[in-house]
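Heads up, the thing below is written out as structure tokens.
Every chain is numbered from 1 and lettered A, B, ... according to where its sequence line falls, protein lines coming before strand lines.
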Amino acid sequence: MNVMDTRATSAMLYLDGVHVSFDGFHAINNLSLTLAPGEMRAIIGPNGAGKTTMMDIITGKTKPDEGTVLFDGTVDLTRLDETRIAELGIGRKFQKPTVFESQTVQDNLLLALNVDHSVRGTLFWRGSKAESERIDKVLETIRLTDARNRLAGSLSHGQKQWLEIGMLLAQDPKVLLVDEPVAGMTDVETHLTAELLKEINRNHTIMVVEHDMTFVRELGVKVTCLHEGSVLAEGSIDQVSSNERVVEVYLGR
Amino acid sequence: MVKARGDQEALALLTGLGDQPPLVTKAAASAVSSIQSNLAMWSMVQNAWYGLSLGSVLLLAAIGLAITFGVMGVINMAHGEMVMLGAYTTFVVQEVIRTRYPALFDYSLLIAVPLAFLVAGFIGVLIERTIIRFLYGRPLETLLATWGLSLVLQQAVRTAFGPTNREVGNPSWMSGAFELGQITITYNRLWILCFTLAVFAILLAMLRYTALGLEMRAVTQNRRMAASMGIATSRVDALTFGLGSGIAGIAGVALSQIDNVSPNLGQSYIIDSFMVVVFGGVGNLWGTLVGAFTLGIANKFLEPVAGAVLGKIAILVLIILFIQKRPRGLFALKGRAVEA
Amino acid sequence: MTPHILTRSLDRAATAFVLLVAAVGVLIPLSNLLLPQGSMFQVPTYLVALWGKYVCYAILALSIDLIWGYCGILSLGHGAFFALGGYAMGMYLMRQIGSRGVYGNPILPDFMVFLNWDKLPWYWYGFDKFAFAALMVLVVPGLLAFCFGWLAFRSRVTGVYLSIITQAMTYALLLAFFRNDFGFGGNNGLTDFKDILGFNVQAEGTRAALFLLSCLALIIAFLICRAIVSSKLGKVLIAVRDAESRTRFLGYRVESYKLFVFTLSACMAGVAGALYVPQVGIINPSEFAPANSIEAVIWVAVGGRGTLIGAALGAVVVNYAKTFFTSGPLAPYWLFMLGALFILVTLLLPKGIVGTFNSWWEPRRSTGIAADEASAAREDGISAAKMAE
Amino acid sequence: MSGWSKCIWGARAMLKIDNINLYYGAAQALRGVSLTAEPGKVTCVLGRNGVGKTSLLRAMVGQYPIASGAINFDGKDITALKPYERARRGIGFVPQGREIFPLLTVEENLKTGFGPLKREDRNIPNDVFSLFPVLETMLGRRGGDLSGGQQQQLAIGRALVMRPKLLLLDEPTEGIQPSIIKDIGRAISYLRNLGNIAIVLVEQYLDFACELGDSFAVMDRGAVKYACDRANLDPAEISRQMAL
């Protein structure tokens, strides 16, 4: 077994040589990235660098033209659809908070719980104590206990972001993909979100895309900067933010 | 010698020869087979012609929809009624000419075409301003509202002109037929084919070379940015919808020459039109062209095998299956330009 | 079904609805049969049949609301499932005529004799047995819906595309059933029924029983729908309606959910059709007309999509109006009114009667202004979603 | 006449934004922002991603309705005007991400700016091609097929075709190679030096902004939190304000 293989099999997420193009435009260009189990990784990069497309590929929404995408070292994600990938344990928070607006906060979490998702299972479902305890716990974590019976559509922007993170917690996936969790949040909310993600990271692998450098700095994790569909720089926040090219294309001089 | 005639009669003659010397029988047999392959060839040509003719009718009915549905994304269930209004415009024009200026009868269609465009186009603009503009982005609601509208329009025409078929005459240059080899080509079908292609070409040129065409394309590609370039998007929407409806009106003029002019005229085309646009690929005029002729020809080649109605059913089923495979149609636009 | 589903699904409004339908189902036939003719409270037989028809339409409306209101699937071909159920029942009724037909053939229905058919086509076998026919009432529409849905939902045909192909489906069936050699009576359809289960279909008692049965079927259909929408399955359906892709990313197999409700809904429509046929005495291909299916959708829109009671109510209200206007001097204007109804409901009353009533009533009923806030915020949410890139 | 109409003229006009608030649903994107832009001057709006810079521009062009406050342009209140009416009064917009019409050719993209013009002025100003020669060589190409840098030049050229009195540029250097950034910088200073056009430049790229700007506003969390003009410009202070 060569080095490459061990790297692939020991990784939680392993992307190698991934290409995607839309109508001649290379959205992802020879992208290679590995995420170790239990790691939290911050992804930065200018708009259009391919951050969201990369998440689309990992979650099965977009199929790459070529390249390898492995989960847990063995599962080839390019062959699976969104549902199957979610079942395997990859959860995703979207850039624009996407919650079920016409249902209550509590029901949003209930839908996200990783219990029986079959038609029959949901038809004959009756709430168990364990389930409601888990929902209570998540509600507490995301500070929405008092809002549990409100419609998700009536929450503030920041609360929706948290609810979506809460849904990820309820889903309890092995890997969390979190797209711009603090966009539109106040300073205090941003800080709390960083704390929350660090807390979650204790027993989950996380990939977080964010522009807010203060937030990224606060997370204090390894940073990858994408540019034009491939990795431009990787390392600690200080290494990356002092990289010539990163400064040029992203941080600004 | 008989072989050279090569038609159905000759075939009957040869197969009916009965007891003849072996040589003659053999010659006759070879003649028969050659005539048969000849006939098969001609029947192919005939079917292809029928297919082209049907395709041109489908294209004519669908071309306006390619604008309103394909370009604007409006599900206009009243599209068929715009066609119907065009046909009734032709009827009214002919009535006026018959009673007042009988000598002009041969020009009736030339007069009816611009009038039908204006009538249907005006009603289209009216519909867009009063109903559709409140429903952008809610396709299912648009569908229901325009369906209601189609009922109203049908009933209005029924009230005004009566429920029965109205007589629309063919001008002399639209009547009759000529022979081409073994097949008969009627003038009205030929003219409709030419007319359809002309409408298609004019529409394409209009979209490509006029200022309004440019504005329409800009609005459909990026409405928000188009507004920021000073394009009055709501005016363009109304005119685009009017254009699509006007073209449906023109289609009505042509269809009045081959179909019964009744309040239900539009109903019989609406499903076919949607099928053509969806099959060809939404948002692509060339797709609509290819879709219409493909469906027309496929239909006419299926007909002899399966019968007219079963042929049509088979086509519907095939399209339903096709949409499953390629939900965006034959010539789907791809990539970021479309997703954006 | 386990009782907890039943108890969960019966809130106050639902209980009231069930009791109302039950009361109507009992009282109308009783008044028809027991009170003397001409009495003020006696319901004439023709009205029993008419209201029986409305009840069948209400079941059809429920079936459409289940998929459209709760799962966002707008079927413009649900009339096809209704008609298929009707044909299954019609075939049973034809076989019951026996040798009493015009041509007196004990096996072949009249139209087959007329077309010089010498034996019964294979697909007519078994329809002389009520149990078999009743089974087919469920199986035929269900199977068609299952196959159709399996193809469509798996390849993610959604929105208007799905609506257009469901319409094409019913249109294709319309063309097929018009054909004489298809073996279902062609243009004329199936009619001249005599008996159902040995009772004369024309008899007052039979009509009353059919009415009662229709009400019972409505109640059962309503309870099934209630059970579904108030279970966790119902929450998943609404999730699919509001954010299909998000639901997928949570690990739900969206196509299975759609397929389940679509098939169930088709079976319900089939039952509605089967009850409809003996009460109106005829089934013909025009039931497959796309216009019928679209009209049924507007019943739901008028009553309030996403509210089951609204759907049933909408069917009755619109059809009552139809009967009222088409039988009076206003008959020529009925289509104007129906058309205007389509337009005005979509433009001005998008929530329908019951939906509008609910959103007007609920804030007043619940304490505080939470619901008002919620509905305002929901609208905000929609505009924000539109604006967000 | 044609010589006159084939250049960019603009006309002196001033933009005044007064205490505007903007919400996306429940999220407040702008909190009491005020700003002015004068002809012949470049007003820079600086700040990190997501602080409301783009929302501010979109509020100016009318794409997002503001909840309160007023926008005054050329002496008139335009708060209630639709986006296309604002464009017709002379607001040219170069949006973030360029928003080129992907299926239109370069020439057609430029021509979409003809709408507000009188018939005799419907031509592409020579200045557009002298500022961005690459556009002239690519007139027949589809906008969507151009590289990012070329698209950015096209987006600016397209706005100039309208002969704007006010030019709004949203991060014109984002994701663009340095050589083209220089071209764009030259173009902006050329336009400023015409003296008639007011320019609002939204940027993250501080050096670029400092080089061109006449006045500066730093935004954070939807509000202007620091402002200065060229006379008392201190790049280090702006940088500090941006990073906080």
Could you have a look at C:L233, C:V254, C:I238 and say which one has the most heavy-atom pairs with chain A under 4.5 angstrom?
C:L233

Please check this pair: side chain of C:Y257 against backbone of A:S118, looking for a donor-acceptor N/O pair closer than 3.5 Å.
yes

At a heavy-atom separation under 4.5 Å, does C:F249 approach chain A through its side chain, its backbone, both, or neither?
both

Tell me, for A:L110 versus chain C, whether the close heavy atoms (under 4.5 Å) come from the side chain, the backbone, both or neither.
both

Pick from A:Q103, A:M167, A:E87: which one has the most heavy-atom pairs with chain C under 4.5 Å?
A:Q103

Side-chain (C:R246) to main-chain (A:T98) donor-acceptor, under 3.5 angstrom:
yes

What is the distance from atom NE2 of A:H117 to atom NZ of C:K232, rounded to the nearest 0.5 Å?
5.5 Å

Nearest 0.5 Å, what's the CD1-CZ distance between A:I85 and C:R248?
12.0 Å

Taking atom CZ of C:R154 as the centre, does the number of heavy atoms from other residues, nucleotides or ligands within less than 6.0 Å exceed 12?
yes

Evaluate C:F260 against A:T122 for side chain to side chain contact (heavy atoms under 4.5 Å, CB included), listing each step before the verdict.
CA-CA 12 Å; C:F260 171 72; A:T122 51; over 6 Å; no

Would the number of heavy atoms belonging to other residues, nucleotides or ligands and lying under 6.0 Å from NZ of A:K137 be above 12?
no

Salt bridge A:D81-C:R253, side-chain N to carboxylate O under 4.0 Å:
yes

Side chain, backbone, both or neither: which part of A:R84 has a non-hydrogen atom closer than 4.5 Å to chain C?
both

Proximity breakdown for A:Q171 and chain C, heavy-atom pairs closer than 4.5 Å
side chain

If you look only at distance, which donor and acceptor atoms sit under 3.5 Å apart when one is on a side chain in residues 144-151 of chain C and the other is two or more places apart or in another chain?
none

